[in-house]
Undergrad: 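Here it is: the structure, laid out below.
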Amino acid sequence: MKNTAITYMDSPLGRIKIIGDADAIKMVSFIDREERESEGVIPLTVRNCKKQLKEYFEGKRKEFNVPLDPDGTAFQKEVWQSLLSIPFGKTSTYAKQSKILGDIKKIRAVGSANGKNPIAVIIPCHRVIGTDGSLTGYAGGLDKKEWLLRHEKSMPGQNQTSMF
């Protein structure tokens, strides 16, 4: 069994919990209360994730390059992989993501998979909005989703003409 490590960091949106091992990141989530941090050496992959998230929140990073291995069904992993193609500072819709995955009828399933994304921020489910442009669903809360979208729009080189 691989040595899984848990670490925490502060962000403008509160505490973030990071879980991973030497090979990949398994989870990045917003938390309300702190739990016990892993003892011993934190793997380089987990330390790099923490560093890259810090740079993102400081407005110094637009892309992440840590290996990811979220736990989920084959369909969920397909949805999460498709989220990685949404460009930084841009948004997509649940309908568009369903079409990318080959079936507009899967819109509810896509929405459900987005809601179960275990790697917040890095797998950018916050970039998916309603077809009418409204902010809908975000496991971390709509206030965090709105903050993340505004943060990305405010970074240098981003088109700031529209709200989302």
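Keep in mind that the numbers below use all heavy atoms, side chains included, and drop hydrogens, waters and symmetry copies. Since the structure is predicted, the reported quantities are computational estimates derived from the model, not experimental observations.
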Undergrad: If you apply the rule side chain to side chain contact (heavy atoms under 4.5 Å, CB included), what do you find for K17 with I19, and how did you get there?
TA: CA-CA 7 Å; K17 179 180 185 178; I19 301 176; 3.7 Å; yes
Undergrad: Rounded to the nearest 0.5 Å, what's the gap from NZ on K50 to CE on M9? Could you check?
TA: 7.5 Å
Undergrad: Suppose the criterion is salt bridge (Lys or Arg N to Asp or Glu O under 4.0 Å): which pairs have a residue in residues 93-104, not counting sequence neighbours?
TA: none
Undergrad: Using the ring-ring contact (aromatic ring centres under 6.0 Å, His included) criterion, which residues pair with Y56? Sequence neighbours excluded.
TA: F64, H151
Undergrad: Of the non-hydrogen atoms in T45 and V66, which two are nearest, and what is the gap between them?
TA: O-CG1, 4.2 Å
Undergrad: For T136 versus K145, what's the shortest heavy-atom pair and its separation?
TA: O-NZ, 2.6 Å
Undergrad: Would you mind reporting whether N3 and D21 have side-chain heavy atoms less than 4.5 Å apart?
TA: no
Undergrad: Nearest 0.5 Å, what's the CD1-CG distance between I119 and L84?
TA: 9.0 Å
Undergrad: What pairs with E63 under salt bridge (Lys or Arg N to Asp or Glu O under 4.0 Å), at least two apart in sequence or on another chain?
TA: none
Undergrad: Which atom pair, heavy atoms only, marks the closest approach of A120 to F30?
TA: CB-CE1, 4.1 Å
Undergrad: Does anything in residues 70-83 pair up under salt bridge (Lys or Arg N to Asp or Glu O under 4.0 Å), and if so which pairs, sequence neighbours excluded?
TA: K26-D71
Undergrad: Please check this pair: side chain of W80 against backbone of A113, looking for a donor-acceptor N/O pair closer than 3.5 Å.
TA: yes
Undergrad: Counting only heavy atoms from other residues, nucleotides and ligands, does the tally under 6.0 Å from CD of E55 exceed 12?
TA: yes
Undergrad: Provide the closest heavy-atom pair for W147 versus P12 in the form atom of the first, atom of the second, distance.
TA: CZ2-CB, 3.6 Å
Undergrad: List the atom of I129, the atom of S134, and the distance in Å for their closest heavy-atom pair.
TA: CB-O, 3.4 Å
Undergrad: Is a side-chain N or O of N117 found less than 3.5 angstrom from the main chain of I123, in a donor-acceptor match?
TA: yes
Undergrad: Decide yes or no on side chain to side chain contact (heavy atoms under 4.5 Å, CB included) for I122 and L68, but give the supporting numbers first.
TA: CA-CA 9 Å; I122 297 172; L68 306 175; 3.8 Å; yes
Undergrad: Among all residues two or more places apart in sequence or in another chain, which pass the side-chain hydrogen bond (donor to acceptor under 3.5 Å, both in side chains) test with R47?
TA: none
Undergrad: Spell out, yes or no, whether L142 and V128 are grouped together once hydrophobic residues are joined by side-chain heavy atoms under 4.5 Å, including indirect joins.
TA: yes
Undergrad: With rounding to the nearest 0.5 angstrom, report the CG to CD distance, L13 to E146.
TA: 11.0 Å
Undergrad: Using the side chain to side chain contact (heavy atoms under 4.5 Å, CB included) definition, which of the options I16, I18, N65 pairs with C49?
TA: I18
Undergrad: Look up atom CD in Q81 and atom CG in L101, then write down how far apart they are to the nearest 0.5 Å.
TA: 10.5 Å
Undergrad: Are I100 and V79 co-members of a hydrophobic cluster defined by side-chain heavy atoms under 4.5 Å apart?
TA: no
Undergrad: Between NE2 of H126 and NZ of K144, what distance do you get to the nearest 0.5 Å?
TA: 13.5 Å
Undergrad: Hey, could you give me the OG1/CG distance between T91 and L149, rounded to the nearest 0.5 Å?
TA: 7.0 Å
Undergrad: Taking A109's backbone N and O only, do any of them form a donor-acceptor pair with S112's side chain (distance below 3.5 Å, no angle check)?
TA: no
Undergrad: Which atom pair, heavy atoms only, marks the closest approach of M155 to K60?
TA: CE-N, 4.0 Å
Undergrad: Before you tell me yes or no, could you show the steps for S11 and V121 under side chain to side chain contact (heavy atoms under 4.5 Å, CB included), namely the whole-Å CA-CA distance, both residues' side-chain angles and the distance that decides it to 0.1 Å?
TA: CA-CA 12 Å; S11 81; V121 181; over 6 Å; no
Undergrad: Tell me, which pairs form a salt bridge (Lys or Arg N to Asp or Glu O under 4.0 Å) where one or both residues lie in residues 108-128, sequence neighbours left out?
TA: R127-E152
Undergrad: Side-chain heavy atoms under 4.5 angstrom apart, residues restricted to Ile, Leu, Val, Met, Phe, Trp, Tyr: same cluster for V41 and L44?
TA: no
